[in-house]
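Below: one structure, written as structure tokens.
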Amino acid sequence: MSLADLTAAELLDLLDRGETTSVEVTRAFLDRIEAQEQSIGAFLRVEADRALVQAAGVDAKRRGKQRVGLLAGLPVAVKDVLCDRDTLTTCASRMLENFRPPYDATVVAKLKAADAVLIGRTNMDEFAMGGSTENSAFQVSRNPWDTSRTPGGSSGGSAAAVAASMTPLAIGTDTGGSIRQPAGLCGVVGMKPTYGRVSRFGLVAFASSLDQVGPFAHTTKDAALLLEAVAGYDARDSTSINRPTPRYSQSIDEPLKGLKVGVVPEHFAAGLDPEVEVAVRQAIDVYKSLGAEIREINLPHSKYGVAAYYVIAPSEASSNLARYDGVHFGYRTEQTEMLAELASERKELLDAGDTKAADDMDTALVRMYRRTRAEGFGPEVKRRIMLGAYALSAGYYDAYYLKALKVRRLIRRDFDEAFAQVDVIAGPVTASPAFKLGEMVDDPLAMYLVDLYTVPANLAGIPGLSLPCGQTQSGLPIGLQLQAPPLEEDRLLRAARMFEQATNWNKMRPPKT
Ligand code: GLN
């Protein structure tokens, strides 16, 4: 057994007792990466040198009996969408292929302050748009349980890295399910906190009213630890909530008495894979056997979540991505060639005597913008920008964007009413287990529909968590989603922990590839 097979809590225990060192731990994970990464492709960059330097630094602190941070000596992988001044931040896009941010995201700064070992940067769908990592400009990631399948997305690299024990902890982001969905498909724990709980300062924005940062781990206990390290008010994020961060890792093992679990009949409608349904229903039975009260509740507007989300998220994206113009930063098209082309086209028109057409030609600047964006963005990102620009345009704004905002309010109200009756809501994360790579890349609508169960939490701003609750006959993980009212991450984690303690699903590991 290698150190890489242990959970973060177990490793921390060994480190604190001086039975191992962070350098040994880091080496164990780097070895695992060496063995597994070729078949998984979870990392865009493994930062072995920096990791070993950080690990040695933490070991020295421990030896010198200095105070160490919450994650002292534990490797953490970070989705390549959070700025880190010591490395690149590409968002898996050609547009930011060489982008080195001048500052750290608050989450990254907090990880460093917590003495984490930043082991590498994980693959994702370009700008976090997608659900399979197939929209990455650089590589696809594979599901460690079956490498012909997707690990999910957009934080697929983070989920796969944890599932394959290439890191005990990872950070992802969730705008419409991008933490919970890959966690579910890879058989690990993933959590989207309340909107505003974790700072987005230094997070490259996709859809600003929905984006949240959150943890991946093998257990809810580890996820609680990582959340505790990165959560908290930040004056540099205007949407950050000014509330103290509870000590999630301290309370995690306290079971909740008199827990009321909400079950939503709409979740079990047509389209749900029968094996997923069985596993989720069995999970609900586990809660019953633990003394929880199971109550039926309704979320009548959640079925419009995907439609509303795919208006709101692209609208915000079209505005957020306007900054990639080839001037401020990021990729810029090859200009010498472009200017030569422009000059020769102009000459051709003038030679033909068409001065009007020559005068009407796009300027060099406009051409530069257009070519930069045509070359720098992949097809899904372009699709989102077009969808969003359309939904926000004069004449369509009321019909699409405003309508979607109204639906969003109804979805939020459904949750308010539900949480007046129950403490948490339990249901599926996705309708099916991990799908095959290539299966849906040419069918954006099918890909969007995968987000059915995850987008409502983002639209409502509530926390949601995915944890393993079963396996299909063919050996693919199945996830259980729990959702709680705003700022009730503590309740959510403890409710999830109760299930985890009563079952063994979190101990499953994929075969080594
Ligand atoms: N799959 C969703 C999308 O493509 C969610 C992405 C996310 O949460 N970042 O928009």
Side-chain angles (χ1 to χ4, degrees), residues 78-82 91-93 122-136 140-141 150-159 170-186 190-193 195 198 200 203-216 305-318 320-321 377-388 391 404 408 429-432 434-435 439-441 443-466 479 481 483:
V78 177
K79 185 177 182 180
D80 209 19
V81 69
L82 283 148
C91 298
S93 180
T122 54
N123 191 33
M124 54 187 281
D125 288 293
E126 183 176 7
F127 284 103
M129 297 174 192
S132 68
T133 76
E134 290 164 295
N135 298 334
S136 166
V140 298
S141 300
T150 178
S154 64
S155 316
S158 291
I171 291 285
T173 59
D174 190 312
T175 303
S178 280
I179 293 176
R180 290 160 290 153
Q181 183 255 32
L185 301 188
C186 287
M191 180 184 192
K192 179 198 96 70
Y195 183 74
V198 179
R200 285 108 39 86
L203 163 67
V204 179
F206 161 13
S208 307
S209 78
L210 300 159
D211 299 337
Q212 252 299 288
V213 183
F216 284 97
V306 168
Y309 172 87
Y310 279 96
V311 170
I312 294 169
S315 295
E316 294 183 15
S318 73
N320 276 325
L321 271 58
F377 290 136
E380 182 60 28
V381 172
K382 287 178 188 161
R383 187 178 294 124
R384 303 283 174 113
I385 292 172
M386 286 190 279
L387 272 172
R408 181 177 194 171
V429 185
T430 52
S432 328
F435 49 93
E439 194 177 316
M440 281 192 250
V441 269
D443 189 350
L445 188 58
M447 195 72 100
Y448 297 170
L449 288 169
V450 172
D451 304 333
L452 174 69
Y453 298 120
T454 50
V455 292
N458 301 79
L459 292 167
I462 62 170
L465 182 150
S466 166
Q481 180 173 220
Q483 299 175 94

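Just so you know, ligand 1 is whichever comes first in the structure, and atom 1 is the first atom listed for that ligand.
- At least one N or O atom of Gly176 sits closer than 3.5 Å to an N or O atom of ligand 1.
- Contact atoms of ligand 1 toward Phe206: 9 (N), 10 (O) (distance under 4.0 Å to a heavy atom of the residue).
- Side chain of Asn320 to main chain of Phe206: a donor-acceptor pair is present (N/O by atom type, distance under 3.5 Å, no hydrogens or angles).
- Between Pro314 and Arg384, the shortest heavy-atom contact is CB-O, 3.4 Å.
- Side-chain contact, Glu126 with Ser93: a donor N or O sits under 3.5 Å from an acceptor N or O.
- Heavy-atom separations between Thr173 and ligand 1 are all 4.0 Å or longer.
- What sits closest to atom 7 (C) of ligand 1 on the protein, heavy atoms only, is Ser178 OG, 2.3 Å.
- To the nearest 0.5 Å, atom NZ of residue Lys192 and atom CD of residue Gln483 are 9.0 Å apart.
- Closest to atom 2 (C) of ligand 1, if we only count protein heavy atoms, is Asp451 OD2, 3.1 Å.
- Taking every heavy atom of both residues into account, Ile171 and Ser158 meet most closely at O-OG, 2.8 Å.
- Ligand 1 lies less than 4.0 angstrom from a heavy atom belonging to Tyr309.
- Close contacts of ligand 1 with Met129, meaning ligand atoms under 4.0 Å from a residue heavy atom, involve 4 (O).
- Residue Lys79 has no nitrogen or oxygen atom sitting less than 3.5 Å from a nitrogen or oxygen atom of ligand 1, judged on distance alone.
- Inspection of the Thr173 and Asp211 side chains reveals no N or O donor paired with an N or O acceptor under 3.5 Å.
- The closest side-chain donor-acceptor pair between Ser155 and Lys79 falls under 3.5 angstrom.
- Using modelled atom types and a 3.5 Å distance limit, the side chains of Thr150 and Ser132 yield no donor-acceptor pair.
- Without hydrogens or angle criteria, Glu380 side chain to Gly130 main chain gives no donor-acceptor distance under 3.5 Å.
- Nearest non-hydrogen protein atom to atom 3 (C) of ligand 1 is Tyr310 OH, 3.1 Å.
- Each of the atoms 8 (O) of ligand 1 lies under 4.0 Å from some heavy atom of Asp174.
- Gly130 counts as a contact of ligand 1, since one of its heavy atoms falls under 4.0 Å from the ligand.
- Each of the following atoms of ligand 1 lies closer than 4.0 Å to a heavy atom of Ser154: 9 (N).
- When every heavy atom of Ile385 is checked against every heavy atom of Phe377, the shortest pair comes out as CD1-CE1, 3.7 Å.
- At a heavy-atom cutoff of 4.0 Å, ligand 1 is contacted by the side chain of Arg384 but not by its backbone.
- Using a 4.0 Å cutoff on heavy atoms, Glu380 does not count as a contact of ligand 1.
- Contact atoms of ligand 1 toward Ala128: 6 (C), 7 (C), 9 (N) (distance under 4.0 Å to a heavy atom of the residue).
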